Amino acid sequence: MDKKKITIQIDEDDFINGFAKVHIENKFNFVNTNGKQISAKWFDYVRNFSENGFAIVKLNGRYNFINTKGKLINGGKLWFDKINDFIDNSAKVGLNGQYNLLSIKGKLLSKIWFDDINNFVNGFSKVVLDGKYNFIDINGKLILDKWFSVADDFKNGFAKVKINGKSYKIDANGFLCEIKSIICHVSY
């Protein structure tokens, strides 16, 4: 896009969280309530800014976040194939069919890229790798070296998991406690 100066008019109700989208010649940017363009870079697609001060942007088929100062979250070093909005200071990002969580500081939470990853529930994110489950904490560390065939989300300090057909409860420290089954006969 050649640099041209033009004047546009934006209605005040087009501003969401202090910013309005600008769409010119199939490219997008933002202006603030003072009418100032926030980024020198123009994008192929943008979402509105959320309350946390970030907007998803797309350029050349890849996604990233831009902050309210017009800066890419990780300096533009890493772009993603898929991206979700931030929830509890992390966002699910995808690259080459694998997933990780990105912090609002632009750092990947885990060194491992997973087949799938969930948002945090009670301080832990359930992850999937090669059909097995585990959990990472808010620092991206696996809760346990063992992987589970089944895993529920954490609730009341525990998550139900299965290893080799046996049911366990796992706590936040990675301690496993076997769950005893009771066989019941019912009539209806």
Side-chain angles (χ1 to χ4, degrees), residues 1-130 134-142 153:
M1 180 178 219
D2 293 331
K3 291 194 178 201
K4 301 175 194 171
K5 285 207 174 212
I6 63 171
T7 301
I8 57 173
Q9 183 174 337
I10 300 173
D11 294 337
E12 66 181 18
D13 57 352
D14 289 335
F15 285 85
I16 297 173
N17 295 315
F19 298 89
K21 293 180 192 178
V22 177
H23 182 202
I24 300 171
E25 295 180 16
N26 296 320
K27 293 291 183 180
F28 294 85
N29 208 319
F30 293 97
V31 293
N32 62 23
T33 53
N34 296 323
K36 183 176 186 248
Q37 177 181 322
I38 68 162
S39 175
K41 193 178 289 277
W42 284 78
F43 302 98
D44 301 329
Y45 167 83
V46 296
R47 278 202 207 152
N48 287 319
F49 275 91
S50 59
E51 287 102 20
N52 64 19
F54 292 99
I56 293 173
V57 296
K58 181 179 182 182
L59 185 63
N60 300 323
R62 295 283 175 109
Y63 297 90
N64 205 325
F65 288 98
I66 191 171
N67 67 20
T68 58
K69 294 181 174 112
K71 303 288 185 207
L72 292 166
I73 192 170
N74 54 24
K77 295 176 191 159
L78 190 57
W79 288 76
F80 306 99
D81 300 329
K82 296 183 179 180
I83 199 165
N84 291 1
D85 284 316
F86 282 101
I87 298 175
D88 295 331
N89 297 323
S90 66
K92 179 178 179 179
V93 293
L95 186 61
N96 302 320
Q98 300 279 283
Y99 296 90
N100 209 321
L101 290 172
L102 185 73
S103 76
I104 58 171
K105 295 184 179 186
K107 304 261 188 233
L108 293 171
L109 292 187
S110 178
K111 294 178 183 175
I112 303 169
W113 283 82
F114 302 98
D115 297 334
D116 201 5
I117 193 163
N118 293 351
N119 290 320
F120 283 95
V121 175
N122 296 313
F124 295 94
S125 171
K126 183 168 46 175
V127 296
V128 183
L129 186 61
D130 298 327
N134 207 324
F135 298 92
I136 59 171
D137 63 18
I138 59 171
N139 298 311
K141 183 177 176 217
L142 289 172
D153 286 327

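Keep in mind that this is a model prediction, so the values were computed, not measured. Note that these values count all heavy atoms, side chains included, but never hydrogens, waters or copies made by symmetry.
- Contact of the Trp42 side chain with the Ile24 side chain is registered, since non-hydrogen atoms from C-beta on lie closer than 4.5 Å.
- Using a 4.5 Å heavy-atom cutoff, the side chains of Leu108 and Trp113 are in contact.
- The main-chain N or O of Leu102 is never found under 3.5 Å from a side-chain atom of Ser90 such that the two would form a donor-acceptor pair.
- Residues Asn122 and Asp153 have side chains that never bring a donor and an acceptor to within less than 3.5 angstrom of each other.
- Residue Asn17 qualifies as enclosed at atom CG: its count of foreign heavy atoms under 6.0 Å is above 12.
- Residues Lys126 and Asp116 are not paired through a salt bridge, judged by the lack of any N-O separation under 4.0 Å between the basic side chain and the carboxylate.
- Ring orientation note: the planes of Phe65 and Phe86 are tilted relative to one another, at an angle of 30° to 60°.
- Counting heavy atoms from C-beta on, the side chains of Leu95 and Arg62 come closer than 4.5 Å.
- Using a 4.5 Å cut-off on side-chain heavy atoms (C-beta onward), Val93 and Leu101 make no contact.
- Ring geometry for Phe19 versus Phe30: interplanar angle over 60°, hence perpendicular rather than tilted (30 to 60°).
- Contact between Ile73 and Ser103 at its shortest, heavy atoms only, is CD1-O, 3.7 Å.
- Counting all heavy atoms, side chain and backbone alike, Ile66 lies closest to Phe49 at O-CE2, 3.5 Å.
- The side-chain tip of Lys92 points at the ring of Tyr99 from less than 6.0 angstrom away and within 45° of straight on.
- Within a 6.0 Å radius of CD1 in Ile138, other residues, nucleotides and ligands contribute 12 heavy atoms or fewer.
- Each of Asn60, Val57, Ile56 was evaluated against Phe43; a single residue qualifies, Val57, per the side chain to side chain contact (heavy atoms under 4.5 Å, CB included) test.
- Minimum interatomic distance between Val46 and Phe28 (heavy atoms only, all atoms of both residues): CG2-CB, 3.7 Å.
- The shortest distance between side-chain heavy atoms of Ile8 and Ile10 falls below 4.5 Å.
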